[in-house]
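Structure, as structure tokens:
Ligands are counted one by one from 1 in listed order, and the atoms in each one are counted from 1 as well.
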Amino acid sequence: MRVLSGIQPSGRLHIGNYFGAMRQHLQLQSKHDCFYFIADFHALTSGPRPSEIAQQTLDVAMDYIALGLDTEKTVFWRQSDVPEVTELTWLLSCVTPVGLLQRCTSYKDKIAQGLSPNHGLFAYPVLQAADILIYKSDLVPVGADQKQHIEITRDIATRFNNVYGEILTIPREYIIESVAIVPGIDGRKMSKSYGNTIGIFESQNDIRKKVMKIVTDSSTVDEPKEPKECNVFTLLKLVASDEELSEWEQRYRSGGMGYGQVKKRLAELLTGYFEPYRQKRRQLEKDINYVRQVLADGAKRAKSEAVKILTEVRRAVGLGAHCG
Ligand code: TYM
């Protein structure tokens, strides 16, 4: 099965990215044919500085490799190194109704936040559809915020196939419900744009400070508490064993536990979880040419796949030397 996913280089990766998507990406590597990329074309929709996007792309690459990306088996590249995807975006745009994009919630949210949208932001889901369809992907592991984008991809692919014949593979999303929306320290979805993230490779001290700031209710130490409504407990579920979780559940419900205690333990578990990868991350920082080489090799492999489907699509719509 062909598995594909992408992450934007729009800041340092956080534990929402990791538990919501990357952990699944890494787990699927051993059994499937995996394609993962750094979505720098998509990141341009929010107007980063040129030097910023280059550095953040390398940071995402180092994070992935440090966390266990199999650089031999998995195809890993920078989206813009395979520009064929932008041609497919155009060809798909011509079967994409404007209304479909106007209904897109992530677009509507950005406008609601006061952002003045550029055309790239509006067309974002079409580029994402091209990313998925150009590699004939079957399965797309993502967090819940991307569900609608995968539905739009299916819609666009079906419309294309209805007009031009069964060329495009219809993909499905792979979302693990228990980690589909990882909350940030303010209780909203963890997101770079809300400034509520805990970075995967932040210093242990910064992780601790952020965990201590997680928003909780104002109950006193003595009062019993409901773990299911607590942001700290939701994050604890990502890293604690089942046995430890049920102990904390009891301590919440019986009263006499302060949030400070559970926060301290969460910080310990989180820093412990990522500790083994820090050493590898530091090594990669000293060997940036190796990281660049991995991306260049990945781009070659990705490109050879992309041109195959693009050639078929061009032919189907009536473009190219063989036509006319
Ligand atoms: P991006 O960069 O916003 O996020 C990368 C991945 O992390 C997941 N994620 C979360 N999951 C759970 N809880 C959270 N708080 C959380 N925050 C982020 C996202 O769901 C995503 O899986 N549009 C994509 C990039 C993309 C892509 C693609 C993905 C471009 N082309 C093709 C799949 C297939 C995005 O913005 O991801």
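Distances from atom 37 (O) of ligand 1 to the heavy atoms of H25, Q79, Q146 put Q146 nearest.
Contacts between I150 and ligand 1 below 4.0 angstrom, taking non-hydrogen atoms only, are absent altogether. Of all the heavy atoms of S10, none lies under 4.0 Å from any atom of ligand 1, so neither backbone nor side chain is involved. Looking at H42 against ligand 1, only its side chain comes within 4.0 Å, counting heavy atoms. Of all the heavy atoms of D131, the ones lying under 4.0 Å from any atom of ligand 1 belong exclusively to the side chain. Residue contacts with ligand 1, taken as heavy atom pairs separated by less than 4.0 Å, involve H14 solely via side-chain atoms from C-beta onward.
Tested against M190, the residues I181, N17, T197 include a single side chain to side chain contact (heavy atoms under 4.5 Å, CB included) partner, T197. Only one option out of Y135, Y64, Y36 pairs with W77 in a ring-ring contact (aromatic ring centres under 6.0 Å, His included); it is Y135.
Scanning all protein heavy atoms for the shortest distance to atom 20 (O) of ligand 1 gives D145 OD1, 2.4 Å. For atom 25 (C) of ligand 1, the nearest protein heavy atom (residue, atom name, distance) is G6 O, 3.5 Å. Scanning the protein heavy atoms around atom 10 (C) of ligand 1, the nearest turns out to be G16 O, 3.4 Å. For atom 12 (C) of ligand 1, the closest non-hydrogen atom of the protein is A180 O, 3.2 Å. In this structure, the protein non-hydrogen atom closest to atom 27 (C) of ligand 1 is Q128 NE2, 3.5 Å. Annotation: atom 6 (C) of ligand 1 to nearest protein heavy atom, A21 CB, 3.7 Å. Counting only heavy atoms of the protein, atom 14 (C) of ligand 1 lies nearest to V182 N, 3.7 Å.
Salt bridge R172/D138: absent, no basic N to carboxylate O contact under 4.0 Å. Classification of K147 and E151 as a salt-bridged pair holds, one side-chain N sitting under 4.0 Å from a carboxylate O. Salt-bridge formation is detected for the pair R281/E285: a Lys NZ or Arg NE/NH1/NH2 atom is positioned less than 4.0 Å from an Asp or Glu carboxylate oxygen. Under a 4.0 Å N-O distance rule, the pair K210/D206 does not qualify as a salt bridge. Taking the charged nitrogens against the carboxylate oxygens, E268 and R265 do have a contact shorter than 4.0 Å, which makes a salt bridge. In this structure, D33 does not pair ionically with K73, as no charged nitrogen and carboxylate oxygen lie closer than 4.0 Å. A salt bridge links R2 with E305: at least one charged nitrogen is closer than 4.0 Å to a carboxylate oxygen. Ionic pairing of R253 and E226 is present here: one or more N-O contacts between side-chain nitrogen and carboxylate oxygen are shorter than 4.0 angstrom.
Ligand 1 has at least one atom lying under 4.0 Å from a heavy atom of V179. Within the structure, ligand 1 lacks M22 among the residues with a heavy atom less than 4.0 angstrom away. Judged by the shortest distance from any of its heavy atoms, F19 lies outside the 4.0 Å radius around the atoms of ligand 1. The closest approach between S5 and ligand 1 falls below 4.0 Å for a heavy atom of the residue.
Shown in contact with N17 at under 4.0 Å from a heavy atom are these atoms of ligand 1, numbered in order with element: 4 (O), 5 (C), 6 (C), 7 (O), 9 (N), 18 (C). For ligand 1 and V142, the ligand atoms under 4.0 Å from any heavy atom of the residue are 22 (O), 33 (C). Listed by number with element, the atoms of ligand 1 under 4.0 angstrom from any heavy atom of G20 are 11 (N), 12 (C). Here is the list of ligand 1 atoms found below 4.0 Å of a heavy atom in Q8: 2 (O), 3 (O), 35 (C), 36 (O). Remark: ligand 1 atoms within the under-4.0 Å shell around heavy atoms of V140 are 33 (C), 34 (C).
The environment of N162 atom CG is dense: over 12 non-hydrogen atoms of other residues, nucleotides or ligands sit within 6.0 angstrom.
Taking any N or O of G143, backbone or side chain, at least one lies under 3.5 Å from an N or O belonging to ligand 1. The shortest N/O to N/O separation between H149 and ligand 1 does not fall below 3.5 Å. Checked by distance only, ligand 1 and K189 stay at 3.5 Å or farther apart across all their nitrogen or oxygen atoms. Considering both main-chain and side-chain atoms, Y124 comes within under 3.5 Å of ligand 1 through a nitrogen or oxygen pair.
Cation-pi geometry between K110 and F122 is not satisfied (NZ or CZ under 6.0 Å from the ring centre, within 45° of the ring normal).
Between Y18 and F274, the distance from one ring center to the other falls under 6.0 angstrom. Annotation: F37 is not in aromatic contact with F76 [ring centroid separation under 6.0 Å not met].
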Inset, instruction - Evaluate the side-chain contact (heavy atoms from CB on, under 4.5 Å) criterion for residues L67 and I200: first the C-alpha distance (whole Å), next the side-chain angles of each, then the deciding distance (0.1 Å), finally the verdict. - result: CA-CA 10 Å; L67 289 164; I200 299 173; 4.2 Å; yes
